[in-house]
Amino acid sequence: MTTLAQMYGTFRHTAWRYEGRDTYAVTGEEERLATFLRGGVLPRKTRENNGWIATVEDIRARQARIGRVRVVGHPLTDYTRFEFAAYPDNVRAGEDVAVIERALLAPEWDRVPDFWLFDDETVFVQLFDAEGAFLGAEQVEDVAPFVEIRRLLQDRATPLSQYDLDDIPRQRVDSPIGPPPGLQIPAIQS
């Protein structure tokens, strides 16, 4: 069976992520996060010093697309602010990053796990503990609800370049996005 890590090198056309947590505990980011929280300048992420940037550049070099929609809740977490400071490097590498306010989503969206959708054919749900540490990813057989989630969000999300991150949620100017489709979510296995 293919793993999530292998999918980045084997999908054909599109990879899309739903990124819904306010906090992540990413192994290897501790020093960068601490620097950011002290008010320090983050060094640029490049192909030479960051595996994700190399992955994105490799994907774009083969003419495939990669992107994500980041859900932003309020009040902002330190991790959300840190992530937004780092996103410009992802965009420079070729990743499409868009944002949607949690206030625009019905409360049921809180149950939607982070996931990657590849070519509208393969889905990997990402599993995290309560603190945001990555526990692994499991492939899910029923792809249709995840394709529907992407469809519901992609036109309502704001491109990163047009989004102003602040602590004040935006006033709703249109109706909220209703409940997501039903999902079969893998349980965390110890």
Any ion pair linking Arg111 and Glu108 (charged N to carboxylate O, less than 4.0 Å)? no
Applying the 4.5 Å side-chain criterion to the ILVMFWY set and letting contacts propagate, would Tyr79 and Phe128 be lumped into a single cluster? yes
Do Leu117 and Leu127 belong to the same hydrophobic cluster, where Ile, Leu, Val, Met, Phe, Trp and Tyr are linked whenever their side-chain heavy atoms lie under 4.5 Å apart, directly or via other members? yes
Using atom types as modelled and distance alone, determine if a side-chain donor or acceptor of Arg150 lies under 3.5 Å from a backbone N or O of Gln154. no
Return yes if some donor-acceptor pair links the side-chain N/O of Asp89 with the main-chain N/O of Lys45 below 3.5 Å, else return no. yes
Centres of the Phe146 and Trp116 rings: under 6.0 Å? no
Nearest-0.5 Å distance, CG of residue Leu104 to CZ of residue Arg156: 6.5 Å
Tightest non-hydrogen contact, residues Pro181 and Pro145, listed as CG-O, 3.3 Å
With distance as the sole test, does Arg70 use its side chain to make a donor-acceptor pair with the main-chain N or O of Arg21 at under 3.5 Å? yes
Nearest 0.5 Å please: distance from the CZ atom of Arg44 over to the CG atom of Asn50. 11.0 Å
Could you go through Glu95 and Tyr87, starting from their C-alpha distance and side-chain angles, then the distance that decides it, and tell me whether this counts as side chain to side chain contact (heavy atoms under 4.5 Å, CB included)? CA-CA 9 Å; Glu95 184 176 356; Tyr87 277 152; 5.9 Å; no
Are side-chain heavy atoms of Arg81 and Leu37 found at a separation under 4.5 Å? yes
Which pair of heavy atoms, one from Asp120 and one from Val143, lies closest together, and at what distance? O-CG1, 3.5 Å
Taking Thr10 for the side chain and Gln6 for the main chain, is one N or O donor matched with an acceptor at less than 3.5 Å? yes
Please examine the side chains of Thr122 and Gln139, heavy atoms only from C-beta on, and report whether any two atoms are closer than 4.5 Å. yes
Is it the case that the side chain of Thr77 and the backbone of Asp22 share a donor-acceptor pair, with hydrogens and angles ignored and the cut-off at 3.5 Å? yes
Just by distance, do the side chain of Thr2 and the backbone of Met7 share a donor-acceptor pair under 3.5 Å? no
Quick check: are there more than 12 heavy atoms from other residues, nucleotides or ligands sitting under 6.0 Å from CZ of Arg47? yes
Would you sort out whether Asn90 and Val56 count as a side chain to side chain contact (heavy atoms under 4.5 Å, CB included), showing the intermediate values? CA-CA 8 Å; Asn90 295 39; Val56 171; 5.7 Å; no
Presence of salt bridge, Glu121 and Arg12, under 4.0 angstrom: yes
Does a donor on one side chain sit under 3.5 Å from an acceptor on the other, for Arg32 and Thr35? no
Please report whether the ring centroid of Phe115 lies less than 6.0 Å from that of Phe124. no
Is the ring pair Tyr18/Trp109 parallel, tilted or perpendicular, if the boundaries are 30 and 60 degrees? tilted
Any side-chain heavy-atom pair from Gln63 and His13 closer than 4.5 angstrom? no
Starting from Leu42, can I reach Val26 by hopping between I/L/V/M/F/W/Y residues whose side chains sit under 4.5 Å apart? yes
With a 3.5 Å cut-off and no angle check, do the side chains of Tyr24 and Gln126 form a donor-acceptor pair? no
Grouping I, L, V, M, F, W and Y whenever their side-chain heavy atoms are under 4.5 Å apart, do Val71 and Val125 come out in a common cluster? yes
Val72/Ile100 under side chain to side chain contact (heavy atoms under 4.5 Å, CB included): CA gap, chis, key distance, verdict: CA-CA 6 Å; Val72 173; Ile100 193 157; over 6 Å; no
Any side-chain heavy-atom pair of Val91 and Ser161 under 4.5 Å: no
His74 versus Glu101, side-chain donor and acceptor atoms under 3.5 Å: yes
Would a 4.5 Å heavy-atom cut-off, applied to side chains only, mark Leu153 and Ile149 as touching? yes
Could you state whether Val97 and Ile66 fall into the same hydrophobic cluster, counting links through intermediate Ile, Leu, Val, Met, Phe, Trp or Tyr residues with side-chain heavy atoms under 4.5 angstrom apart? no
Whether the side chain of Asp114 engages the backbone of Gly20 through a donor-acceptor N/O pair (distance < 3.5 Å, no angle test) should be reported. yes
Between Asp96 and Arg68, is the closest basic N to carboxylate O distance under 4.0 Å? no
Heavy atoms only: give me the nearest Glu131-Asp129 pair and the separation to one decimal. N-OD1, 2.9 Å
Indicate yes or no: at least one non-hydrogen side-chain atom of Asp78 is less than 4.5 angstrom from one of Phe36. no
Any chance the rings of Phe118 and Trp16 have centres within less than 6.0 Å? no
